[in-house]
Protein chains: 2
Amino acid sequence: MGLKGAETRVRMLDATQTLIEAGGYHAAGLNQVIAASGAPRGSLYFHFPGGKDQLVGASVRRAGGMIGEALEGLADSSASVAEFADAVLRHLGDRLEESGWRKGCPVATVALEIAATSDPLQEVCSEVYASWEDALRARLAGRPDADDLAVVILALVEGALLLARTHRSREPLDRVARRIGVLLG
Amino acid sequence: MGLKGAETRVRMLDATQTLIEAGGYHAAGLNQVIAASGAPRGSLYFHFPGGKDQLVGASVRRAGGMIGEALEGLADSSASVAEFADAVLRHLGDRLEESGWRKGCPVATVALEIAATSDPLQEVCSEVYASWEDALRARLAGRPDADDLAVVILALVEGALLLARTHRSREPLDRVARRIGVLLG
DNA sequence: AAAAATATGTAGACCGATCTATTAAGGATG
DNA sequence: CATCCTTAATAGATCGGTCTACATATTTTT
C-alpha cells in the first residue's frame with residue numbers, strides 16, 4: 001500500500017469514526033464518509049471491498065484500540081484503582097462535553113443497532129468490549145473479585161456515558177465517580 | 001377515536017416498539033411497521049400525522065411506561081433494595097435471553113442514535129430515564145445518598161444490559177447482580 | 001324512524017430523495 | 001509495463017412522506 005492510499009484510507013476511517021460516534025451505523029452514510037474524507041466513491045470500495053460493514057468494522061476496531069490505549073495511559077499515571085476510575089470518568093466527561101455531547105462510546109451505538117442483524121459486526125463490538133475488560137482486569141490483579149469488578153466497572157462507565165449523553169449533562173458521570181469508591185472497597 | 005382506530009394505533013405502536021428494541025430508530029422502517037401491524041400507509045399518517053418521529057416518540061414513551069410499571073411491581077414484591085435490584089436484573093436477563101438477545105432497553109438505542117440530531121426525541125428519552133430514576137429514588141428514600149445511588153443503579157443496569165446484549169450472554173448481568181449489594185451497603 | 005351530512009379510518013398508488021453497491025475507464029507511481 | 005489508486009456515472013433498492021379515493025361509523029336533520 002502506497003503512501004497516498006494509506007492516507008485516504010485513514011481519512012475514511014476518521015470520518016467514519018466521527019459519524020459513528022455521533023449517531024451509529026446508519027448515521028455513517030457512505031455519502032457523508034466520502035464527502036468528509038474527500039475521496040470518491042470508488043476509492044472506498046477499493047480500500048474496503050467488503051463494503052460498509054467492513055468499513056464500520058475496521059472503524060469500530062480502531063476506535064476501540066484508541067480508547068484502550070488512552071485507558072492504559074491513564075492507568076499508568078494513577079496511583080490506585082479508585083484514582084484511575086476517577087480519571088477515566090473525568091476524561092470521558094471532558095471528551096463528551098467538549099464535543100457537544102457527540103462523542104460518547106464509539107462502540108455502544110453500533111453494538112445496539114446491529115446486535116440482532118449483523119453477526120460479524122456484533123463480534124467486533126464484543127471483542128472490543130472484551131479487550132477493555134481485559135485491560136481493567138489487569139489493573140485489578142490480585143483482588144479475588146477482579147473478574148466481577150472489571151465487568152461491573154465497565155458497565156458502570158458505559159451506563160453513565162449513555163445517561164450523560166441522553167441528558168446532555170455530565171451529572172451522571174459525576175455521581176458515578178462519587179460512588180465508585182464504595183465498590184472498590 | 002373509535003374502537004377500530006384505537007386497535008390499529010396500538011398494533012402500530014407494538015410493531016414499532018419491537019423493531020426499535022431490536023435495532024433502534026433506523027431499524028424501525030415505516031414499511032416494516034406497516035407490514036407488521038397489517039395497516040396501510042395512510043393509516044399511519046392518520047394516527048401519527050407528525051410522521052416517523054411522532055411514532056417513535058410515542059413508542060419510546062409507551063415502552064418506558066411499561067418498564068416503569070414492571071419496575072414498580074418488582075419493587076412492591078421485594079423486601080429490601082438489594083433484593084429488588086436482584087429481581088430487576090434477573091427479570092431483564094430473562095427478557096433478554098428469551099427474546100434471542102433482541103429485547104434489551106427500548107430507550108438506549110434510540111437515545112444514542114438521535115442524541116446529536118433530534119431534539120424532541122432526545123427529550124423523550126431523557127424524560128423516560130428521569131422517570132426511572134425517580135422510581136428508583138423513591139425506593140431509596142431515607143438514605144442520604146439516594147440521589148447518587150438511583151443514578152448509579154440505573155447506569156449499572158443499562159451498562160450491564162448493553163454488555164449482555166453485545167456478548168449475547170447474561171454473564172454481565174449476573175456479575176453485576178453479584179456485586180451490587182456492596183454498593184447498597 | 002329514515003335520510004342526509006359529517007366525522008373517522010382504511011387503502012394503496014405514487015413522489016423525490018437517499019441509500020449501498022457496481023462498473024469501466026483513466027491517472028499516478030514504482 | 002504493471003500495479004496501485006482515483007474518478008465519476010450509474011444501477012437498483014429502499015427510505016419517509018404525500019395524495020386521492022374509498023369505506024365505515026356517528027350525528028344531524030327532517
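In the text below, chain A, chain B and the rest are named by the order of the sequence lines, each starting its count at 1.
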A:W132: partners by ring-ring contact (aromatic ring centres under 6.0 Å, His included), with sequence neighbours left out: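 If we apply the ring-ring contact (aromatic ring centres under 6.0 Å, His included) test to A:W132, skipping adjacent residues, the hits are A:Y129.
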
Sugar-phosphate, base or nothing in reach of B:G51, heavy atoms under 4.0 Å: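 B:G51: backbone/sugar contact only, no base atoms under 4.0 Å.
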
[X] side chain near [N] phosphate (N/O to OP1/OP2, under 4.0 Å):
{"X": "A:H47", "N": "D:dC4", "answer": "no"}
{"X": "A:N31", "N": "C:dT18", "answer": "no"}
{"X": "A:T8", "N": "D:dC5", "answer": "no"}

Between C1' of C:dC19 and CG of A:D53, the distance in whole Å: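 Rounded to whole Å, this separation is 14 Å.
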
d(CD, B:Q32; C1', D:dG16) in whole Å: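 Taking CD of B:Q32 and C1' of D:dG16, I get 13 Å after rounding.
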
Salt bridge present between B:D94 and B:R170 (N-O < 4.0 angstrom):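 Looking at B:D94 and B:R170, the cut-off is met.
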
Six-ring centre of B:Y25, B:K52 cation under 6.0 angstrom, axis tolerance 45°: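 Yes - B:K52 lies over the ring of B:Y25, closer than 6.0 Å to its centre and within 45° of its axis.
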
Side chain A:R41 and base C:dA21 donor-acceptor under 3.5 Å: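 Between C:dA21 and A:R41, which were checked side chain against base, a qualifying N/O pair under 3.5 Å is present.
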
Residue pairs passing the ring-ring contact (aromatic ring centres under 6.0 Å, His included) test where at least one lies in residues 55-75 of chain B, sequence neighbours excluded: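 Of all non-adjacent pairs touching residues 55-75 of chain B, none passes ring-ring contact (aromatic ring centres under 6.0 Å, His included).
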
Whichever of B:G42 and A:H26 has its nearest DNA chain C nucleotide further upstream toward 5':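 Taking each residue's closest nucleotide, the earlier one in sequence belongs to B:G42.
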
